[in-house]
> 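Below is the structure I would like to discuss, written out as structure tokens.
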Protein chains: 2
Amino acid sequence: MQNDLETAATFVQRWSEAAAGGNTARCTVRNILDKIGDKWSMLLVMTLATGAKRFNELHRQVPDISQKMLTQTLRDLQRDGLVARQVFDTQPPAVEYRLTGLGQSLIVPLGFLINWADEHFSRIDAARIAYDTRD
Amino acid sequence: MQNDLETAATFVQRWSEAAAGGNTARCTVRNILDKIGDKWSMLLVMTLATGAKRFNELHRQVPDISQKMLTQTLRDLQRDGLVARQVFDTQPPAVEYRLTGLGQSLIVPLGFLINWADEHFSRIDAARIAYDTRD
DNA sequence: CAGTATCCCGAACGATACTG
DNA sequence: CAGTATCGTTCGGGATACTG
């Protein structure tokens with residue numbers, strides 16, 4: 001825990017230095033954060049974390065994504081080098097998606113974040129209710 | 001490192017169990033991830049991580065945010081219990097924003113994520129260039 | 001099976017002007 | 001100083017239909 005706090009403190013310092021010196025670092029981070037906040041990207045990364053999957057297999061496991069967004073999100077992840085696409089020359093065609101090493105490395109920090117969300121969601125929810133019912 | 005991988009593995013397992021049993025956990029997480037991906041929320045959290053700040057002070061440190069979005073994002077963070085707003089009854093009025101304990105706890109996992117982004121951005125950038133220039 | 005193509009809506013966001 | 005109010009536009013993304 002002490003370790004976490006030190007890490008956080010170091011990070012905050014680096015952030016503010018970067019912010020002071022111009023905002024290149026901030027832009028870099030925004031770029032990644034956009035991806036995290038993207039409605040489907042991280043959900044697909046997490047789904048692929050359990051192993052390679054085919055197109056319709058992914059579609060079944062994430063039922064509320066539209067075909068369009070599944071295609072588009074996979075393309076983006078592929079473009080970023082987080083996901084690899086492998087085509088098998090069979091009839092009918094089979095296509096498999098899997099995380100690259102880079103994609104797998106994202107699982108670690110993403111996991112921390114999602115665990116945080118999981119642990120603190122009830123407090124956030126309570127805060128929202130308190131805020132909305134204040135007079 | 002081994003520790004991180006174990007954490008990630010545990011997480012992935014919990015995720016898939018949750019996904020299998022319905023998607024309540026996923027919805028919870030989406031809710032938080034929406035906030036992370038929000039264009040300004042995390043930038044403000046990081047900016048407030050260095051200490052309490054007043055409205056126009058924040059506006060100066062994050063110059064490219066519009067007044068409207070600064071207000072709105074601060075309200076949302078306040079509603080979620082991540083930021084506290086304190087009004088000083090002076091003339092002219094002064095208002096100070098600071099992270100709550102809950103808000104501070106977010107710095108830790110958020111820091112991991114941003115450090116990841118920072119460390120891997122060049123690889124992502126290279127992947128994008130490779131993808132865009134493939135023939 | 002694994003996609004493309006097209007249409008369309010609503011929310012997010014920026015710009016601008018005004019206020020206690 | 002610390003906001004509110006309003007207008008206008010962009011664009012993410014859903015629905016639907018079609019294809020190699």
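Everything quoted here is computed from the prediction, not taken from an experiment.
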> Whole angstroms only, please: what is the CE-P distance between B/M69 and C/dG14?
6 Å
> Roughly, in whole Å, what's the span from CH2 in A/W40 to C1' in D/dG13?
10 Å
> Can you tell me if A/S41 uses its side chain to pair, donor with acceptor, with the backbone of A/D38 under 3.5 Å?
no
> Applying salt bridge (Lys or Arg N to Asp or Glu O under 4.0 Å), name anything that partners B/D89, two or more places apart in sequence or on another chain.
none
> Reading nucleotides 2-9 of chain C from the 5' end, what letters show protein touch, with B for base, S for backbone sugar-phosphate only, - for no heavy atom under 4.0 Å?
SBB-BB--
> Send over the distance from A/K53 NZ to C/dC1 C1', rounded to a whole Å.
18 Å
> Using atom CG of A/D89 as one end and atom P of C/dC1 as the other, report the distance to the nearest whole Å.
17 Å
> Taking CD in A/Q13 as the centre, count heavy atoms belonging to other residues, nucleotides or ligands within less than 6.0 Å. Is the count above 12?
no
> Grab the two heavy atoms, one from B/L110 and one from B/M42, that are nearest each other, plus how far apart they are.
CD2-SD, 3.7 Å
> Nearest whole Å is fine: how far is D/dG14 P from A/H59 NE2?
10 Å
> Let me know the distance between CD of B/Q91 and P of D/dC1, rounded to the nearest Å.
12 Å
> Over 60° means perpendicular and under 30° means parallel, so classify the ring planes of B/F55 and B/H59, tilted if in between.
perpendicular
> Starting from B/V87, can I reach B/L58 by hopping between I/L/V/M/F/W/Y residues whose side chains sit under 4.5 Å apart?
yes
> Any side-chain heavy atom of B/E96 within less than 4.5 Å of one from B/K53?
no
> Write down the distance between CG (A/L70) and P (D/dG13), rounded to a whole number of angstrom.
13 Å
> So if I apply the side chain to side chain contact (heavy atoms under 4.5 Å, CB included) rule between A/L82 and each of A/L77, A/L74, A/L48, which one comes out positive?
A/L77
> With pairs defined as Watson-Crick or G-U wobble and both distances under 3.5 angstrom, please note down DNA chain D as a dot-bracket string, | for pairing with another strand.
||||||||||||||||||||
> Can a cation-pi geometry be assigned to A/R134 and A/Y131, taking NZ or CZ under 6.0 Å from the six-membered ring centre and within 45° of the ring axis?
yes
> Can you check the A/D64 CG to D/dG14 C1' distance for me, whole Å?
12 Å
